[in-house]
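Encoded as C-alpha cells, the structure appears first; notes follow it.
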Amino acid sequence: MAKKAARPSNSPGEGASPIPSPAEVAALAVCARHGNKASELLEIFHDLQHQLGYVPEATLPVIARALNLSRAEVYGVQTFYHDFRRHPAGKHVVKICRAEACQSMGTDKLCSHAERSLKTPLGGTTADGMFTIEQVFCLGNCALSPAVMVDERLYGKVDAKRFDEIVAAYSKDAAE
Ligand code: FES
C-alpha cells in the first residue's frame, strides 16, 4: 500500500493558507527587507502601502508572524495611524489639510463641501472609484491655505468653488 504524502507544514489544517496571496508574498518580502524587525513596523506599512496602494487586512497576520508580534499589536498600529489605508484608493487621492493655518481659513467648511460634492466621507472613495478624499495635517503650503493636494499636485487657497473646478478637471481628463 502506497504511503500517504506528508502534509506541508502550512497546510490549512494548521491554520495557514497553503498558497499565499500576492499581497501576503509582498508583505513577507517587505518584512524581510526590513530584517523582520518589529521596530520597523511603521516603515513596513509605508513600503507596503507604496507598493500595493493600501495595507490589506490579509497581510496583518503575515506581518505579525514575520515580526514575532501579536496580531492585535500589528492591527493596533495600522488602525492608529490614519495614513495607512485599509482599502484600495481611488484613481486620484485628494488630500485636504486640516492643520492650524488651514483651519483658520475655513478648511472644515471645505471638508464638508468635499464630502457632499463627492458623496463620500473623509477617508472614503467615490462610487466610481475615481477619488479618495483624505484629511492630512499640513501640506507645507500654509501661506496659501486652505491647501489641497491631488496625487502629487498642490493647490492653494481652495474654496468650495475652486475645489469643484479642480475635481471637474480630473474627471474631464479621465473622460478623454
Ligand atoms: S496648515 Fe495647511 S498647509 Fe500647513
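Everything numeric in this text was worked out from a predicted model, so none of it was measured. In listed order, ligands and their atoms are each counted from 1.
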Has Cys97 got an N, O or S atom lying less than 2.8 Å from atom 4 (Fe) of ligand 1?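 No N, O or S atom of Cys97 is closer than 2.8 Å to atom 4 (Fe) of ligand 1, so no.
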
Is atom 4 (Fe) of ligand 1 less than 2.8 Å from at least one N/O/S atom of Cys142?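 Cys142 does place an N, O or S atom closer than 2.8 Å to atom 4 (Fe) of ligand 1.
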
Can you confirm whether the side chains of His46 and Asp83 place a donor and an acceptor under 3.5 Å from each other?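 No, no side-chain donor-acceptor pair sits under 3.5 Å.
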
For Tyr170 together with His92, are the ring centres under 6.0 Å from each other?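 Yes, ring centres under 6.0 Å apart.
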
Quick one: does any side-chain atom of Thr79 pair with a main-chain N or O of Tyr75 as donor and acceptor, under 3.5 Å?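 Checking the backbone N and O of Tyr75 against the side chain of Thr79, a donor-acceptor pair under 3.5 Å is found.
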
Kindly confirm whether atom 2 (Fe) of ligand 1 is within less than 2.8 Å of some N/O/S atom in Cys102?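 Within the cut-off used here (under 2.8 Å), Cys102 does place an N, O or S atom near atom 2 (Fe) of ligand 1.
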
Would you mind listing which atoms of ligand 1 come within a distance below 4.0 Å of any non-hydrogen atom of [X]?
X: Ala101; result: 1 (S)
X: Asn141; result: 3 (S)
X: Gly140; result: 3 (S)

Tell me, do Ile166 and Val94 make a side-chain contact under 4.5 Å, heavy atoms counted?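 Result no, sub-4.5 Å side-chain heavy-atom pair not found.
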
Would you call Ser117 and Val167 a side-chain contact if the rule is heavy atoms closer than 4.5 Å?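 No; the side chains remain at least 4.5 Å from each other.
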
Are Lys91 and Asp128 within salt-bridge range, i.e. N to O under 4.0 Å?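 Asp128 and Lys91: not salt-bridged.
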
Run the contact test for Ser145 against ligand 1 with a 4.0 Å cut-off on heavy atoms, strictly below, and give the result.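 It does not, in that no heavy atom of Ser145 comes within the 4.0 Å cut-off of ligand 1.
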
